[in-house]
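Below is one structure, written out as structure tokens, with a few remarks after it.
Values reported hereafter were calculated over all heavy atoms of this structure, with side chains retained and with hydrogens, waters and symmetry mates removed. When a ligand or atom number is given, it counts from 1 through the structure's own listing order.
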Amino acid sequence: MSVLKPLPFTAVTIADRFWAPRQRTNSETTIPHELAQCRSTGRIDNFAKAAGLMAGKFEGIFFNDSDVHKWVEAASYTLWTHPHPQWEAELDEVIAKIAASQQAEGYLNTYFTLVEPDKKWQNLGMMHELYCAGHLFEAAVAHYQATGKHTLLDVACRFAALIESTFGHGKRDGLPGHEGIELALVKLARVTGEARYMALAEYFVTRRGHSPSIFEKELETPDLPGGLGAYQHHFTRDGKFEGKYAQAHLPIQEQTECVGHAVRAMYLYSGAADIAYETGDSSISDALELLWRNVTEKRLYVTGGVGPSGHNEGFTTDYELPNVSAYAETCASIGLIFWAHRMFLLYGESRFVDVLETALYNGALSGISLDGRGFFYQNPLASHGGKHRHEWFGCACCPPNIARLLASVGQYIYAHGEKDLWVNLYVGGTAAATVAGDVSLKLTQETDYPWEGDVKITVTPETPVTFALNLRIPSWCDEFEAHVNGEAYKPHVNSNGYLSIERHWHTGDTVELALAMPIERVYAHPLIKENLGRFALRRGPLVYCFEDVDNPDGVFQTLSLADDASLEAAFHNELLGGVTLIRGAGTVLNASDWGNNLYLHAKPNLKRTDVTAIPYYAWCNRGAGQMAVWVF
Ligand code: FUB
Ligand code: ZN
């Protein structure tokens, strides 16, 4: 097992034509838009009310604080990438209200402060106090890293100290019903050096799933805040407490299948990977490997979406991956990115980044519109036309989650070990790193990824230095060439999936990597029933889809491409913010062939038509229409 570290977002700048414009839109449109939504829905006022700064009742859902915390996290990263004095002042103002709402003992949750002050920590299974705390901690760490200010970090530490003195071995037995605090405590521990936060994270990860069940016991509490109804998902149909919904059915070391609510699961596995990383506990990493195999071999959408069912917002059974009804929550794909990143840091293997990349460019990115103010909660793989993007949601976990992901995407590009450097994502820009112990180095990436697979990397160490530059060869890439300082480099991909170039590097040394990016047809396992006889198109990291607006001929659902149809990829600057379209000849059924007949007795003719596919992430940006990832 290797122990790698990511280059933080503060060490990376992005300058390309894919991510840089998205980060700019995030900064100029999404961040202000989301703040306005948090304001108009009473989310910010809830803090002012809890602080006694204004009169009034709590507004909204009991975990609305978490949306503000995620917004603070996103805005903090954005201040680093796009400094903006006005936004810094607005952020400071929001943080001041959050801080003012903190109770004397350190407690911070506006719902309980305003609505049920005597019932704190009583319904951990459903009422999200620890989940909201986790998002607060993540926001505080990001704010501190981006601005150097302690304003929110101090608040987070006071609350973390209270939670730490309340829960744990020899203290009160308690667990979050919605995970997230585990990975947040790890971040807080790393930035503050406080070992007790790490120990608490470990307790939350490892106590889960042991009997007696904390959640089952909690049900005996008379007059539970939030009521019993909220617990419904924890029970089987015959009324037995089960715990799968919140991954509390088995200790993490014994879990082999991804179950229950998908966002909860992704956050738990991320926190567990952090603990395995910190402690070296192989019983946890071995279980995570089994869980990883379960999700990637049996429960993952081709887009990197997870959790097909709206019923539990989560997992069902192996191979059940419906298209139109796919839930595939934006937050779940984001959670998968968190988990995949941590698995890479644990194992140093590119297979984890392959999944990270797929979720990033597809299932997560589809969650936000091109103009930065329209969101998806669910990310289906087909639509009959009724699916719209929304400016906000009553339960608004996804919009600020995608904002914080976009603002911090720099942290997923590079990693370093004690000596060497890893390039995981191909994104134009620069990175500052230290290699071979203590040699500072600048690295510049030039690329038009994801549209083209050519990448040029220039290495600028402060003094000549020997180390290995590990370039990820994506699993979708069957052919590539590499040149070092213009000379062909013998391509040898190591068993971890990297082209490892170990040499004595001098200022200005270059590596050119040419990843072949053909259009590929992807076929689903036959047990994924809806996709039988169908295929999806993929080019490089991008999964494609068809929209009826580009394919208006005939019955959209019958769109088909011949086996030998030649497909062409070409970049169109004028469309959808600039995208590579895939075009080719196909066929479609013509409804008009039926005339006034309900049934025909002769096999209908297929009509020849030109077919156009767009990147999946870009769908539903021209109004709601029909869409399909899988076609015949
Ligand atoms: O419960 C908090 C968040 O709201 C979950 O992660 C989402 O699935 C949504 O239910
Ligand atoms: Zn969400």
Side-chain angles (χ1 to χ4, degrees), residues 30 34 37-38 41 43 60-71 73-74 109-112 123-136 138-139 175-184 215 225-227 229-234 244-248 258-271 303-316 326-339 359 363-369 374-380 389-406:
T30 309
E34 293 186 352
Q37 292 291 341
C38 284
T41 55
R43 282 169 166 84
I61 306 176
F62 59 91
F63 53 87
N64 274 6
D65 286 6
S66 62
D67 304 326
V68 178
H69 299 325
K70 271 186 274 190
W71 177 85
E73 185 181 344
N109 183 294
T110 68
Y111 171 82
F112 278 95
N123 189 349
L124 295 172
M126 287 310 300
M127 290 307 282
H128 288 26
E129 282 158 293
L130 293 170
Y131 166 83
C132 290
H135 280 307
L136 171 67
E138 287 191 85
L175 281 177
H178 192 311
E179 302 92 319
I181 193 172
E182 304 83 352
L183 71 90
F215 299 132
Y231 253 103
Q232 53 163 324
H233 290 296
H234 285 301
K244 276 189 178 173
Y245 174 64
Q247 301 76 40
C258 296
V259 295
H261 184 272
V263 184
R264 282 170 165 83
M266 295 301 111
Y267 288 179
L268 170 65
Y269 307 151
S270 300
T303 51
V306 283
S309 168
H311 172 69
N312 62 347
E313 298 189 297
F315 292 101
T316 54
Y327 201 72
E329 186 179 335
T330 303
C331 286
S333 276
I334 294 171
L336 178 62
I337 291 169
F338 297 164
W339 181 27
L365 194 54
S366 56
I368 186 164
S369 63
F375 304 95
F376 276 155
Y377 197 119
Q378 299 98 338
N379 295 274
R389 291 182 180 275
H390 293 269
E391 289 213 322
W392 195 246
F393 304 98
C395 170
C397 48
C398 302
N401 220 354
I402 189 76
R404 68 175 177 151
L405 176 77
L406 293 178

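- Here the closest non-hydrogen pair linking E182 and L268 is OE2-CD1, 4.4 Å.
- The closest protein non-hydrogen atom to atom 10 (O) of ligand 1 is E313 OE1, 2.7 Å.
- At least one heavy atom of Y131 sits less than 4.0 Å from an atom of ligand 1.
- In summary, R264 and E313 do not engage in a salt bridge, as defined by a charged side-chain N under 4.0 Å from a carboxylate O.
- Taking a cut-off of under 4.0 Å to the non-hydrogen atoms of V263, the atoms of ligand 1 that pass are 6 (O), 8 (O).
- With a 4.0 Å heavy-atom cut-off, ligand 1 is reached by the side chain of Y377 but not by its N, CA, C or O.
- For the pair Y327 and ligand 1, no heavy-atom separation below 4.0 Å is found.
- Rounding to 10 degrees, one finds that the Zn ion (ligand 2) sits at the corner of an angle of 110° between C331 SG and C397 SG.
- Below 4.0 Å from some heavy atom of E329 lie the following atoms of ligand 1, by number and element: 7 (C), 8 (O).
- In terms of heavy-atom proximity, Y111 sits nearest to M127 at CE2-CE, 3.6 Å.
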Practice item. Step by step, work out the side chain to side chain donor-acceptor pair (under 3.5 Å) result for T330 and N379. Key: CA-CA 7 Å; T330 303; N379 295 274; 2.9 Å; yes

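- Contacts of C395 with ligand 1, taken as heavy-atom pairs under 4.0 Å, involve the side chain alone.
- For A364 against S333, the heavy-atom pair with the smallest separation is N-CB, 3.8 Å.
- If you check which protein heavy atom lies closest to atom 5 (C) of ligand 1, you get H178 NE2, 3.3 Å.
- Of all the atoms in ligand 1, the ones that sit under 4.0 Å from a non-hydrogen atom of H128 are 1 (O), 2 (C).
- A centroid separation of less than 6.0 Å is found between the aromatic rings of H261 and Y245.
- Side-chain atoms of K70 come within 3.5 Å of backbone N or O of C397 as a donor-acceptor pair.
- E329 contributes OE2 as its N, O or S atom closest to the Zn ion (ligand 2).
- Polar contact check, H261 against ligand 1: a nitrogen or oxygen pair lies under 3.5 Å apart.
- Inter-residue side-chain proximity for W71 and R43 is flagged as unmet; no heavy-atom pair is nearer than 4.5 Å.
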